[in-house]
Amino acid sequence: MGQLSANGDAELVARLRAGDEAAFGLLLDQWSDGMHRLARDFVSTHESAAEVVQETWLAVIRGLDGFAGRSSLRTWVYRILINIAKRRGSTEHRTLPMSSVPAAEDSGPTVDPARFQGPGEPYPQHWRAFPEPWPSPERALLDGELGAQIIAALQQLPRRQRIVINLRDVQGYGAEEVCSILEISAANQRVLLHRARASVRGRLARYFEGTADQRGAEVSQ
Amino acid sequence: MSGLHCDQVVELVTAYLEGSLSRAERARVLDHLAACDGCESYFAQHRLTIEALSRLPRASLAARDRDALLEAFRAARR
């Protein structure tokens with residue numbers, strides 16, 4: 001069946017309604033991770049998020065015949081998840097809607113202004129020193145520590161930024177679908193994604209610079 | 001007309017990668033990148049960051065939860 005997406009929804013829905021367990025199992029395997037990550041941003045514990053995912057899938061099973069195809073199946077499933085997660089989050093006093101009001105953390109430069117030359121310098125607004133080079137993509141992506149660095153960076157993000165980057169870059173969903181799932185504008189989605197990516201890049205930069213220093217220190221000893 | 005400065009270009013990386021810049025803005029960014037190793041390397045690091053994010057390991061449902069859902073699906077579709 002391959003990657004399940006908005007395309008081929010009609011066939012997928014038909015198979016689910018016909019009771020095709022393999023198709024349902026594939027949905028469970030492909031979507032549950034993204035659903036759990038999202039739920040986790042509404043409720044206070046890992047266990048609670050797992051229950052939200054479970055409850056969502058049960059609601060999907062019950063609601064399948066009522067799915068009208070006004071959104072993609074995946075968007076529909078995620079919206080059910082968000083409703084359930086919000087309800088549970090509010091009983092846990094952890095309700096933070098995906099409001100459209102810009103937060104302070106969503107504005108201002110994403111790169112430290114000190115990295116750029118000031119008005120009195122030869123090239124104002126240009127790099128004072130270029131970003132430190134990173135290892136080649138091949139080497140960087142094989143770095144066993146990289147995953148842990150990224151997880152730590154994601155944990156430190158403001159919640160709305162983390163929600164967006166998880167859906168866009170960790171799950172690989174498209175911009176339009178993420179806007180639709182979260183009911184936010186394209187511009188708002190892009191700002192949140194931009195800030196989130198810049199923060200994660202910043203963390204990786206500090207990490208690679210640190211490991212470069214260590215290598216340098218070893219060499220110089 | 002003067003080109004973009006580095007501190008402006010770094011704020012356009014996402015709009016650039018998303019393909020949401022106007023044709024004129026895109027041309028200005030490309031002109032800048034062609035001449036600026038710092039920004040070119042900054043953009044490459046964004047791309048690598050995105051690639052690394054896409055490779056995070058996925059958690060799967062607990063086997064017990066998955067079985068329970070398949071059972072519920074079976075029961076509902078019977």
Side-chain angles (χ1 to χ4, degrees), chain A residues 16-21 24-25 28-30 32-34 36-37 50 53-54 57-58 61-62 64 109-111 113 115-116 123-127 129-131 133-134 137 140-141 146-147 149-151 154 165-166 168-172 175 186-187 190-191 193-195 197-198 200-201 204-205, chain B residues 2-22 25 28-29 32-33 35-78:
Chain A
L16 294 171
R17 284 179 179 156
D20 184 334
E21 270 180 54
F24 185 66
L28 295 179
D29 295 337
Q30 292 196 356
S32 293
D33 177 64
H36 187 276
R37 282 175 196 276
V53 172
Q54 203 73 355
W57 282 121
L58 292 171
I61 292 170
R62 283 193 304 273
L64 203 49
T110 57
V111 178
R115 299 293 316 246
F116 302 103
Y123 300 102
Q125 297 180 265
H126 288 255
W127 295 101
F130 286 168
W134 290 7
L141 292 168
L146 196 63
Q149 290 294 327
I150 289 192
I151 288 167
L154 291 173
I165 200 172
N166 264 328
R168 285 298 311 279
D169 292 340
V170 179
Q171 303 301 322
R190 196 164 56 242
V191 167
L193 180 64
H194 177 63
R195 305 194 73 78
R197 284 177 177 172
V200 177
R201 190 215 72 97
L204 296 187
Chain B
S2 75
L4 293 166
H5 297 305
C6 303
D7 64 350
Q8 301 168 311
V9 172
V10 295
E11 301 301 344
L12 294 175
V13 57
T14 304
Y16 171 82
L17 294 176
E18 296 274 279
S20 51
L21 291 177
S22 72
E25 287 169 321
R28 292 173 81 196
V29 169
H32 182 95
L33 292 177
C36 178
D37 290 347
C39 287
E40 192 192 50
S41 132
Y42 187 83
F43 274 43
Q45 292 174 358
H46 258 255
R47 285 205 177 86
L48 181 51
T49 300
I50 295 163
E51 176 67 29
L53 281 158
S54 77
R55 296 190 184 202
L56 274 190
R58 304 299 161 89
S60 39
L61 284 177
R64 183 171 30 98
D65 290 344
R66 192 179 188 277
D67 290 347
L69 289 172
L70 283 173
E71 178 54 39
F73 180 75
R74 221 171 286 140
R77 294 284 124 195
R78 195 170 284 146

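The sequence lines fix the lettering, A, B, ..., with proteins before strands; numbering per chain opens at 1. Values in this document were obtained by computation on a predicted structure and should not be read as measured data.
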Give the minimum heavy-atom separation between [X] and [Y], together with the two atoms involved.
X        : Y       : value
A:Arg197 : B:Leu17 : NH1-CD1, 4.3 Å
B:Ala72  : A:Leu58 : CB-CD2, 3.6 Å
A:Leu16  : B:Phe73 : O-CZ, 3.4 Å
A:Pro131 : B:Gln45 : CB-OE1, 4.0 Å
B:Arg66  : A:Gly25 : NH2-O, 3.4 Å
A:Trp127 : B:Gly38 : NE1-C, 3.4 Å

Can you tell which of A:Val111, A:Val191, A:Ile165, A:Val200 has the highest number of heavy-atom pairs within less than 4.5 Å of chain B?
A:Val111

Just so I know, are the side chains of [X] and [Y] near enough to count as touching, which here means a heavy-atom distance under 4.5 Å?
X        : Y        : answer
A:Pro109 : B:Glu11  : yes
B:Asp65  : A:Trp57  : no
B:Val13  : A:Thr110 : no
B:Ser20  : A:Arg190 : yes
B:Leu70  : A:Leu28  : yes
A:Phe116 : B:Val10  : yes
B:Arg77  : A:Leu64  : yes

Before you tell me yes or no, could you show the steps for A:Trp134 and B:Thr49 under side-chain contact (heavy atoms from CB on, under 4.5 Å), namely the whole-Å CA-CA distance, both residues' side-chain angles and the distance that decides it to 0.1 Å?
CA-CA 11 Å; A:Trp134 290 7; B:Thr49 300; 3.6 Å; yes

Side chain / backbone / both / neither for [X] at chain B, heavy atoms under 4.5 Å:
X        : result
A:Pro113 : neither
A:Ala198 : both
A:Arg37  : side chain
A:Asp169 : both
A:Ile150 : side chain
A:His36  : neither

Relative to chain A, which segment of [X] carries a heavy atom at a distance below 4.5 Å: side chain, backbone, both, or neither?
X       : result
B:Ser60 : neither
B:Leu56 : side chain
B:Ala44 : neither

If I take atom [atom1] from residue [X] and atom [atom2] from residue [Y], how far apart are they, to the nearest 0.5 angstrom?
X        : Y        : atom1 : atom2 : result
A:Arg115 : B:Tyr42  : CZ    : OH    : 9.5 Å
A:His194 : B:Thr14  : NE2   : OG1   : 5.0 Å
B:Ser41  : A:Phe130 : OG    : CZ    : 8.5 Å

Plane angle bin for A:His126 and B:His5 - parallel if under 30°, tilted between 30 and 60°, otherwise perpendicular:
perpendicular

Note: A:Arg168-B:Glu18 ion pair, threshold 4.0 Å (strictly below)
yes

The test is side-chain contact (heavy atoms from CB on, under 4.5 Å); show your working for A:Leu154 and B:Leu53 and say whether it passes.
CA-CA 10 Å; A:Leu154 291 173; B:Leu53 281 158; 4.0 Å; yes

Of the listed residues (B:Cys39, B:Ala76, B:Ala62, B:Pro57), which shares the most heavy-atom pairs with chain A below a 4.5 Å separation?
B:Cys39

